Amino acid sequence: MLVALVPEADGAGRWQKLHDDGTPAGPAMAATSLASAVASLERAHKPRWIWADTSEVYPPLLAAGVRVDRCWDLHLTEALLLGADGRHREPKELAAAVARELNLPAPADVGPRKKDVELTLFGPDPVVLPGNTDELDALAMVFRAQQRNPALGLLIVAESASALVAAEMTFHGLPWREDVHNAILEEMLGPRTAPGVRPKVLQALADQIREAFGGKEINPDAPASIVRAFAREGIDVPSARRWVLKKIDHPAVEPLLEYKERARLWVAHGWTWLDAWVHDGRFRPDYVVGGVVSGRWASRGGAALQIPRLMRKAVLADDGWCLVAADASQLEPRILAALSGDQRLIEVCGDDDLYSALAEDSFKGERPRAKIAMLSAMYGGTSGEAGPLLAVLRKRFPQAVGYVEAAAQAGEQGRMVRTRLGRTSPSPSDAWRELTGGADDSGEVSSSSRQAARNWGRFTRNFVVQGSAADWTAALLGVLRNRLPANAHLVFFQHDEVLVHCPREDADAAIEAIAAAGREATRLLFGETSVRFPMNAVPVDCYADAK
DNA sequence: AGAAGCGGCGCC
DNA sequence: AAAGGGCGCCGCTTCT
């Protein structure tokens, strides 16, 4: 069963049952408490909820204690459908345009709409909804229009489930111990200072750096200042990047590197971050499902997907609870094996450490070289020894390497590529087409043209692998959230790893659910493939103890 | 004064 | 040892 749902002010709302084809299956109903209406419908029918935007509709329901099983997110779906038609939209433009179509208020943060945004979005034959259309009717109409590409069905369902997971993660929050975080900061920086006031340890390092440059003024926070300071000493450096500085023999280098590391901690995850993002022992970032073109999640605020390893010490389970940390090991090369059907690579995937097996097979047991070769194939690396290593890989695994090289070629020619579940790469810009349009008057293809083509080829090469891996994790999340024990909560997700917070006695059940979800995700994407996708799942008290 | 771009670095 | 793909976010600098 389907139920379309429109929230209204003060926790009220309206809903309407729909048939599977999106036609009305009952009258429109009004509820003064939307949450109780949803709860009772959920108990009775476990419907698939049709709503405009999970990130708007679901959090208030969660806050009222209501969890739902399934949904269909019209925003996310429309983005997938448009992308598949080669009509990508910026998320903000899409949100504004869909809101307009649905006669809903536009998101508050949407600025002036650009002129060239289409006002009619839906389907090959755009539907223009009159301004006075009932919102429930509009939802149903859009839902029906969104059945236009059945090939995307699984992706849409997985994406919508991901949106439920994202809202639930924000709701539960990642356990975060402020006292532990503060202790780390104190150890690395010294006592807390007011915002903008350089902590003692950083000031001491800055003084040391200035001494090393003969007392001349230098701002270690400004890369240009660092480059100038070295130039005064007769040392030319192209930039102030860490790996550049590391190669220099100069007394300022050590304190500079030390300063950079600690300053980064102060600025990105210092006391200001703690005040802004951690409350009542929980870190609650906003996750942006589908925020990356490849289908990976992004986050908004709090740099949720860039938590430094050091700070994971502050992620501690509640008393009597534990964190089950699980990651899909070496996910992307396994995805490539399954996508390409390369039998030899599939055999290599039989090993828990894929790179060791690859090294044994083709690289004289040299694991680092095997890894460089594989990463170069997936990322389009060319520098250093990548070329020869890739040649070895191509000879031994022609199907796998051929798969990514075909994707690269498609990109270089300006064609779109698709992930396993049908997420589609954006088209290159008009400027790109202009630049790569062909030979100039003299018949030469300019180097900037070739470079632009290669750059886009690297993007599409990686897109098929990174995006299909995102397909796989979306399927995993969707399956997992309905398999976990009732008290076990998904509290973190980062590309290929999840954290589950649960009572200790539920840890084994959570681990089993994760393993089962991994198997199911593999089956949903690839059917009865023999590629192995091992999940490492371990119960820990502290996130830093995983791996 | 505020926006935009850049360099840099955290994560996968 | 870095590089090759994807991000978010900071401070600094330059532009408007």
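Remember, predicted model here, so these are calculated numbers, not experimental data. The figures here come from the full heavy-atom set of this structure, side chains too, leaving out hydrogens, waters and symmetry mates. Protein chains get the first letters and strands the later ones, always in sequence-line order, with residue 1 at the start of each.
- The environment of A/Glu254 atom CD is sparse: at most 12 non-hydrogen atoms of other residues, nucleotides or ligands sit within 6.0 angstrom.
- Centre separation under 5.5 Å together with a plane angle under 30° does not hold for the ring of A/Tyr379 and the six-membered base ring of C/dG4, so they are not marked as stacked.
- Applying side chain to side chain contact (heavy atoms under 4.5 Å, CB included) to A/Phe493 and the options A/Leu499, A/Leu477, A/Leu476, A/Val289 leaves one that passes, A/Leu477.
- Put simply, CZ on A/Arg300 is 12 Å from C1' on C/dG8, counting in whole angstrom units.
- Within the 4.0 angstrom heavy-atom criterion, only backbone atoms of the sugar-phosphate kind lie near A/Glu497; the bases stay farther away.
- Distance A/Lys371 NZ to C/dA1 C1': 13 Å, rounded to the nearest Å.
- Between the side chain of A/Ser425 and the backbone N or O of A/Val417 there is at least one donor-acceptor pair closer than 3.5 Å.
- Looking at heavy-atom distances under 4.0 Å, A/Ala298 makes contact with sugar-phosphate atoms alone, never a base.
- Put simply, the side chain of A/Glu159 never gets that close to the backbone of A/Leu76: no donor and acceptor are under 3.5 Å apart.
- At least one donor-acceptor pair under 3.5 Å links the side chain of A/Ser160 to the backbone N or O of A/Asp73.
- Counting heavy atoms of neighbouring residues, nucleotides and ligands inside a 6.0 Å radius, atom CG of A/Asp430 does not exceed 12 of them.
- The distance from atom CG of A/Leu389 to atom C1' of C/dA1 is 14 Å, rounded to the nearest whole Å.
- Within residues 237-246 of chain A, the residues having any heavy atom closer than 4.0 Å to DNA chain B are, in order of number, A/Ser239, A/Ala240, A/Arg241, A/Arg242.
- Distance CG (A/Asn455) to P (C/dA3): 15 Å, rounded to an integer number of Å.
- Residue pairs meeting the ring pair (Phe, Tyr, Trp, His ring centres under 6.0 Å) criterion with at least one partner in residues 397-417 of chain A, sequence neighbours excluded, are absent.
- Residue pairs that meet the ring pair (Phe, Tyr, Trp, His ring centres under 6.0 Å) test with at least one member in residues 199-225 of chain A, sequence neighbours left out, are A/Phe213-A/Phe230, A/Phe213-A/His250.
- Under a 3.5 Å cut-off, the side chain of A/Arg418 and the backbone N or O of A/Ala84 do form a donor-acceptor pair.
- Within 4.0 Å (heavy atoms only), A/Arg312 reaches sugar-phosphate atoms of the nucleic acid but no base atom.
- Within the structure, side chain to side chain donor-acceptor pair (under 3.5 Å) pairs that include any residue of residues 289-299 of chain A comprise A/Ser294-A/Gln466 (at least two apart or interchain).
- Within 3.5 Å, a donor on the side chain of A/Glu385 pairs with an acceptor on the base of C/dA1, or the reverse.
- Using modelled atom types, no side-chain atom of A/Arg334 and backbone atom of A/Ala469 make a donor-acceptor pair closer than 3.5 Å.
- Using a 4.0 Å heavy-atom cutoff across all strands shown, A/Leu331 reaches no nucleic acid atom at all.
- On the nucleic acid side, DNA chain B has its first and last nucleotide under 4.0 Å of a heavy atom of chain A at B/dG7 to B/dC12, going 5' to 3'.
- Proximity of a side-chain donor or acceptor of A/Arg309 to a complementary backbone N or O of A/Ala544 within less than 3.5 Å is not detected.
- Residues from residues 191-212 of chain A with heavy atoms under 4.0 angstrom of DNA chain C: there are none.
- Legend: salt bridge (charged side-chain N to carboxylate O under 4.0 Å, His left out) pairs involving residues 352-378 of chain A, not counting sequence neighbours, sorted by first then second residue: A/Arg344-A/Asp361, A/Asp352-A/Arg532, A/Asp353-A/Arg367, A/Asp361-A/Arg396, A/Glu366-A/Arg369, A/Arg369-A/Glu385.
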Candidate pair A/Glu168 and A/Leu490, rule side-chain contact (heavy atoms from CB on, under 4.5 Å), full reasoning: CA-CA 8 Å; A/Glu168 287 162 3; A/Leu490 276 161; 5.9 Å; no
Summarise how protein sits on nucleotides 10-16 of chain C as a single string, 5' to 3': B when a protein heavy atom is under 4.0 Å from the base, S for sugar-phosphate-only contact, - for no contact. S-SS---
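- Applying the ring pair (Phe, Tyr, Trp, His ring centres under 6.0 Å) test to pairs two or more places apart or on separate chains, none has a residue in residues 368-387 of chain A.
- Between A/Arg210 and A/Asp207, at least one side-chain nitrogen of the basic residue sits less than 4.0 Å from a carboxylate oxygen of the acidic one, meeting the salt-bridge criterion.
- For A/Arg232, there are no side chain to side chain donor-acceptor pair (under 3.5 Å) partners two or more places apart in sequence or in a different chain.
- Within a heavy-atom distance below 4.0 Å of DNA chain C, the residues of residues 458-474 of chain A found are A/Arg458, A/Phe459, A/Asn462, A/Gln466.
- Aromatic rings of A/Phe492 and A/Trp176 (six-membered ring for Trp) have centroids beyond the 6.0 Å cut-off, not under it.
- Of the residues in residues 411-425 of chain A, not one places a heavy atom less than 4.0 Å from an atom of DNA chain B.
- Heavy atoms of A/Gln330 sit nowhere under 4.0 angstrom from any nucleic acid atom.
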